Asker: 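First, the structure itself, so that you have it in front of you.
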Amino acid sequence: MSGRAASVRVNTGGAESVMVVEAGGRTRQVRTIHDLGVLLVEDDDFTRKLIYRLLHDIGLRTVFEAADGVQALDILRKNGEDVDVAICDLEMPRMTGLDLLHALRTATGNPLADLPVLVLTGHREADVVKRAIAYGISGYLVKPVSKADLTKRLAFVMQKRQ
């Protein structure tokens, strides 16, 4: 990753919990899921467009799209300070979701090593999901994904980070 610093701290002063994202000298408060920046990593065009539409309907601040882990890493290098959570398919060409998770979690000095990641999976991939859990995923979504499931998982990620 580039030299951009990205960290999250929680301000619990008062009745409201706020996720505060500090990146590249900027501070940004994430109060609701509408303040989130999401990186969507999915190789299937139809599925990616469908999930993108659901995320847009939820009203997220920003959604970046990547067709594989290589593209995702490039987006994170350029726009990491704007990404609060990644939603990542596990089975993709060039660089799988597990390979992307490994790169995020183990790269020395990676400011996004603790980026929350939700994995997209089918029921047949239970062993792969178990390996993803070992990399510290924040949750998973079973395809086909619904708007309600996305909203619930994103809210859970925010709550978990606070």
Side-chain angles (χ1 to χ4, degrees), residues 1-8 19 21 23-24 30 33 35-58 60-161:
M1 300 289 147
S2 66
R4 296 180 176 137
S7 64
V8 176
M19 189 166 105
V21 179
V30 180
I33 62 172
D35 299 324
L36 287 174
V38 172
L39 171 59
L40 173 60
V41 190
E42 167 62 62
D43 63 310
D44 181 73
D45 288 338
F46 177 80
T47 303
R48 190 175 61 252
K49 288 180 189 337
L50 176 67
I51 296 171
Y52 178 89
R53 180 63 192 189
L54 293 173
L55 293 168
H56 181 273
D57 289 350
I58 292 169
L60 299 180
R61 178 182 52 82
T62 305
V63 179
F64 296 95
E65 296 180 70
D68 59 41
V70 173
Q71 287 182 1
L73 286 176
D74 188 49
I75 289 169
L76 289 171
R77 278 185 199 97
K78 295 174 183 172
N79 303 291
E81 69 271 6
D82 293 319
V83 176
D84 303 306
V85 61
I87 299 173
C88 181
D89 188 17
L90 290 176
E91 298 297 323
M92 297 180 291
R94 291 204 315 163
M95 180 182 237
T96 69
L98 283 178
D99 292 337
L100 175 60
L101 279 166
H102 179 76
L104 281 173
R105 301 298 189 235
T106 61
T108 304
N110 179 4
L112 296 170
D114 63 345
L115 179 72
V117 177
L118 296 171
V119 295
L120 295 167
T121 184
H123 291 289
R124 298 178 303 275
E125 302 168 349
D127 59 325
V128 179
V129 172
K130 287 178 186 172
R131 290 192 329 196
I133 289 169
Y135 282 120
I137 62 170
S138 301
Y140 66 93
L141 293 156
V142 177
K143 298 177 195 176
V145 176
S146 71
K147 183 177 173 181
D149 287 342
L150 268 173
T151 303
K152 185 168 77 173
R153 287 292 175 202
L154 290 170
F156 177 75
V157 165
M158 283 192 60
Q159 187 176 43
K160 193 173 175 183
R161 293 296 294 244

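Being a predicted model, the structure only gives us computed values, none of them experimental.
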Asker: Roughly how far, to the nearest 0.5 Å, is CG of Leu76 from CG of Asp82?
Answerer: 10.5 Å
Asker: State the CZ-CG distance between Arg77 and Leu112, to the nearest 0.5 angstrom.
Answerer: 11.0 Å
Asker: Applying salt bridge (charged side-chain N to carboxylate O under 4.0 Å, His left out) to Asp127 and Lys130, what does each step give before you reach the verdict?
Answerer: CA-CA 5 Å; Asp127 59 325; Lys130 287 178 186 172; over 6 Å; no
Asker: Do Ile33 and Met158 have side chains that approach each other closer than 4.5 Å (heavy atoms only, starting at C-beta)?
Answerer: yes
Asker: Restricting to non-hydrogen atoms, name the atom on Ser138 and the atom on Lys160 that form the minimum distance, rounded to 0.1 Å.
Answerer: CA-NZ, 3.9 Å
Asker: Considering all heavy atoms of both residues, which atom of Leu118 and which atom of Arg153 are nearest to each other, and what is their separation?
Answerer: CD1-CB, 3.8 Å
Asker: Say whether, by atom type as modelled, one donor and one acceptor occur between the side chain of Arg105 and the main chain of Tyr135 under 3.5 angstrom.
Answerer: yes
Asker: Check whether any side-chain N or O of Asp43 sits under 3.5 Å from a backbone N or O of Asp68 as a donor-acceptor pair, and report yes or no.
Answerer: no
Asker: Donor-acceptor check, side chain of Arg61 to backbone of Val38, threshold 3.5 angstrom: yes or no?
Answerer: no
Asker: Roughly how far, to the nearest 0.5 Å, is CD of Glu42 from CD1 of Ile87?
Answerer: 11.0 Å
Asker: Tyr52 and Val63: which non-hydrogen atoms are nearest, and at how many Å?
Answerer: CD1-CG1, 3.5 Å
Asker: Side-chain contact, heavy-atom cut-off 4.5 Å: Leu115 with Leu39?
Answerer: no
Asker: Would you say that Leu55 contacts Leu154 through its side chain, given a criterion of any heavy-atom pair below 4.5 Å between the two side chains?
Answerer: yes
Asker: Rounded at 0.5 Å granularity, tell me how far CG in Leu150 sits from CG in Asp57.
Answerer: 10.5 Å
Asker: Quick check for you: to the nearest 0.5 Å, what is the distance between Leu54 atom CG and Lys147 atom NZ?
Answerer: 8.0 Å
Asker: Where do Val117 and Cys88 come nearest, in terms of heavy atoms and distance?
Answerer: CG1-CB, 4.2 Å
Asker: How many angstroms lie between NE2 in His102 and OG1 in Thr96, if you round to the nearest 0.5 Å?
Answerer: 10.5 Å
Asker: Are side-chain heavy atoms of Val119 and Leu101 found at a separation under 4.5 Å?
Answerer: yes
Asker: Is there side-chain contact between Val41 and Asp89, with at least one heavy-atom pair below 4.5 Å?
Answerer: no
